[in-house]
There are 2 protein chains.
Amino acid sequence: MASGARGALTREAVLEAAAGLVRRRGPDALTMRGLAAELGTAVTSIYWHVGGREALLDALVERTVAGLGEIRPSGRTPEQRVLSVARALRRQLRDHPHLVALVHERGLTERMFLPAQRVLVREAHAAGLRGARAAEFVRAVQFQVVGHVLVERNRERAPAQHPGEPELWRAGSAGDDPALARALARPVDTERLFVTAVRALVRSLLAPHGV
Amino acid sequence: MASGARGALTREAVLEAAAGLVRRRGPDALTMRGLAAELGTAVTSIYWHVGGREALLDALVERTVAGLGEIRPSGRTPEQRVLSVARALRRQLRDHPHLVALVHERGLTERMFLPAQRVLVREAHAAGLRGARAAEFVRAVQFQVVGHVLVERNRERAPAQHPGEPELWRAGSAGDDPALARALARPVDTERLFVTAVRALVRSLLAPHGV
DNA sequence: ACCTGAACACCGTTCAAGT
DNA sequence: ACCTGAACACCGTTCAAGT
């Protein structure tokens, strides 16, 4: 069972084992006792090296966020470049599904988004936005992307939806629009929806006319 | 300590007490043993009436969602009416902060959003959207609103943000735009940001031109 | 049909004790 | 400085037994 039992126990070894556990079996599977068993030490040793469970989760989040890698925009127009940043960010978050849950639980979304924020500021400037309007643009995109990923993950974990969207739309309640009823009965193409929504948002906010 | 100890124990009484506990002290405070103590019964009685903790939470979510009340759009243009629906929905979700967390955890966002979905379909039609485009519009708004509320709640629970957004933007890293730096250093006006983002999204998606 | 206490298999955390 | 086992105060759930 023990994986990294050789040598003296270090803070790094504890975090490594904890990260592996979370990656493989989710945050709920991270128990102090289970982790200790995996490390081949007494539970209390973990307390000495990294502190209690809360401190451990904090350190874990910090570690993973730091290792996310930077985001490079691509495309010719500001709209394309912002969209590429949004997609890259979504991809990063989706590649670390448990991390998103962890960060969400701990209220650290802000922290996670900081690198992308810098990139977005540059794009806002390139598009001619300044001051408060640029700030609003950056935050709107930030909320949009993170929010979308949260909802998306939520749906993936969802059990068989209780009333079941399909049945609910099979009846004639769609105002005589069978194509709409069919579309709503189909599962959502979240990738496509994401692109559509981000593009719509960005297009509006980058448009020259005032509010 | 006991609150509703009189009379025979019923499923309804258990759910009522559980709902009160969650409202007052959050989902984590809902323990089978604590609930039993509040009801003045043995823990095992709860199992007889509503089943285990998971079943209890499911019933609780179902109950609260059912009691949310319908949403009536207001305003003259489709854009205004959709915005009013979005605001009403955000308000509902914010009025039941623990519920949002519960629904999110259980992956029932879909279920919660169904009534609003019907209203949005009508507005999409009024704006001239049909079929797949109408469906896409409805879902984009849905993801936007729910996502925003999730991020918003996340930030509210956030501890003092570690690096602290303000300090990070006080340096000159904002590309020579002091007004932007100041804006990003200020706390977010989430209400305003919500309206801006929803309006931008809706405006783009309701615009006549194709993609 | 309804309710009970005892027991099982878990938790996180603290603390005094070892080396 | 580092690691240990024992103990404390919790959990959710099961089960046999009561009325």
Side-chain angles (χ1 to χ4, degrees), chain A residues 1-22 24-63 98 101-102 105-107 157 159, chain B residues 1-22 24-63 98 101-102 105-107 157 159:
Chain A
M1 291 286 178
S3 62
R6 82 199 76 183
L9 192 60
T10 65
R11 178 185 161 89
E12 208 41 49
V14 173
L15 292 182
E16 185 64 35
L21 236 161
V22 169
R24 295 195 314 272
R25 298 173 44 209
D28 287 350
L30 180 61
T31 70
M32 303 301 276
R33 294 172 128 98
L35 181 57
E38 181 141 330
L39 286 164
T41 52
V43 208
T44 39
S45 297
I46 299 173
Y47 282 82
W48 201 91
H49 283 287
V50 299
R53 188 162 193 271
E54 290 298 291
L56 204 166
L57 289 175
D58 278 338
L60 225 49
V61 167
E62 200 71 26
R63 211 180 105 107
H98 296 315
L102 233 46
E105 273 170 34
R106 315 191 77 62
R157 274 184 325 161
Chain B
M1 289 290 176
S3 61
R6 82 199 75 184
L9 192 59
T10 65
R11 180 186 160 87
E12 209 40 51
V14 173
L15 292 182
E16 184 65 34
L21 236 162
V22 169
R24 296 195 313 272
R25 299 173 43 210
D28 287 350
L30 179 62
T31 70
M32 303 301 276
R33 294 172 127 97
L35 180 57
E38 181 142 330
L39 286 163
T41 52
V43 208
T44 39
S45 297
I46 299 174
Y47 281 82
W48 201 93
H49 283 288
V50 300
R53 188 162 191 269
E54 290 298 291
L56 204 166
L57 289 175
D58 278 338
L60 225 51
V61 167
E62 201 70 25
R63 210 180 106 107
H98 296 315
L102 234 46
E105 273 171 35
R106 316 191 78 60
R157 276 183 323 161

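Labels below follow one simple rule: chain letters A, B, ... track the order of the sequence lines, proteins then strands, and each chain is numbered from 1.
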- Task: Determine, step by step, whether R53(B) and I46(B) satisfy the side chain to side chain contact (heavy atoms under 4.5 Å, CB included) criterion, reporting the C-alpha distance in whole Å, the side-chain angles of both residues, the deciding distance to 0.1 Å, and the verdict.
- Result: CA-CA 9 Å; R53(B) 188 162 191 269; I46(B) 299 174; over 6 Å; no
- Could you state the atom-to-atom distance from CD1 of I46(A) to P of dC2(D) in whole Å? 16 Å
- L57(A) CG to dT13(C) C1', straight-line distance once rounded to whole Å: 15 Å
- For the pair made of CZ in R33(B) and C1' in dG12(D), what is the distance, rounded to whole Å? 7 Å
- Note on the structure: In this structure, CG of L56(B) is separated from CG of L15(B) (nearest 0.5 Å) by 6.0 Å
- How long is the span from the NE2 atom in H98(A) to the CG atom in L21(A), to the nearest 0.5 Å? 10.5 Å
- Query: Within this structure, what is the CG-to-C1' distance between D28(B) and dC11(C), rounded to whole angstrom?
  - Reply: 14 Å
- Item | Backbone of V14(A) reached by a side-chain donor or acceptor of H49(A) within 3.5 Å | no
- Task: Figure out the CH2/C1' separation between W48(A) and dT13(C), and round it to whole Å.
- Result: 18 Å
- Given Watson-Crick or G-U pairs with both distances under 3.5 Å, what dot-bracket string fits DNA chain C, with | for other-strand pairs and [ ] for crossing? ||.|||||...|||||.||
- Protein-nucleotide distance (L35(B), atom CG; dC10(D), atom P), rounded to Å: 17 Å
- First encountered from the 5' end of DNA chain D, between A42(A) and M32(B): A42(A)
- Whole-Å gap separating P (dC11(D)) and OH (Y47(B)): 12 Å
- Taking every non-hydrogen atom, the tightest pair across R63(A) and A19(A): NH2-CB, 4.2 Å
- Determine the Euclidean distance between corresponding P atoms of dA9(C) and dA9(D); express it in Å to zero decimal places. 22 Å
- Kindly say if T31(B) contacts the phosphate of dC11(D), meaning a side-chain N or O under 4.0 Å from OP1 or OP2. yes
- Item | Residue that, paired with L35(A), satisfies side-chain contact (heavy atoms from CB on, under 4.5 Å) out of T41(A), L30(A), V43(A) | L30(A)
- Item | hbond_proxy T44(A) side chain to dG5(D) base (donor-acceptor, 3.5 Å cutoff) | yes
- Item | Between P of dC10(C) and CG of L30(A), the distance in whole Å | 17 Å
- Under 4.0 Å between a Lys/Arg side-chain N and an Asp/Glu carboxylate O for R24(B) and E38(B)? yes
- Task: Check every atom of dC3(D), dT13(D), dT4(C) against the side chain of R53(B) and return the nucleotide holding the closest atom.
- Result: dT13(D)
- Query: According to a strict under-4.0 Å criterion, is H49(A) in side-chain N/O contact with OP1 or OP2 of dC3(D)?
  - Reply: yes
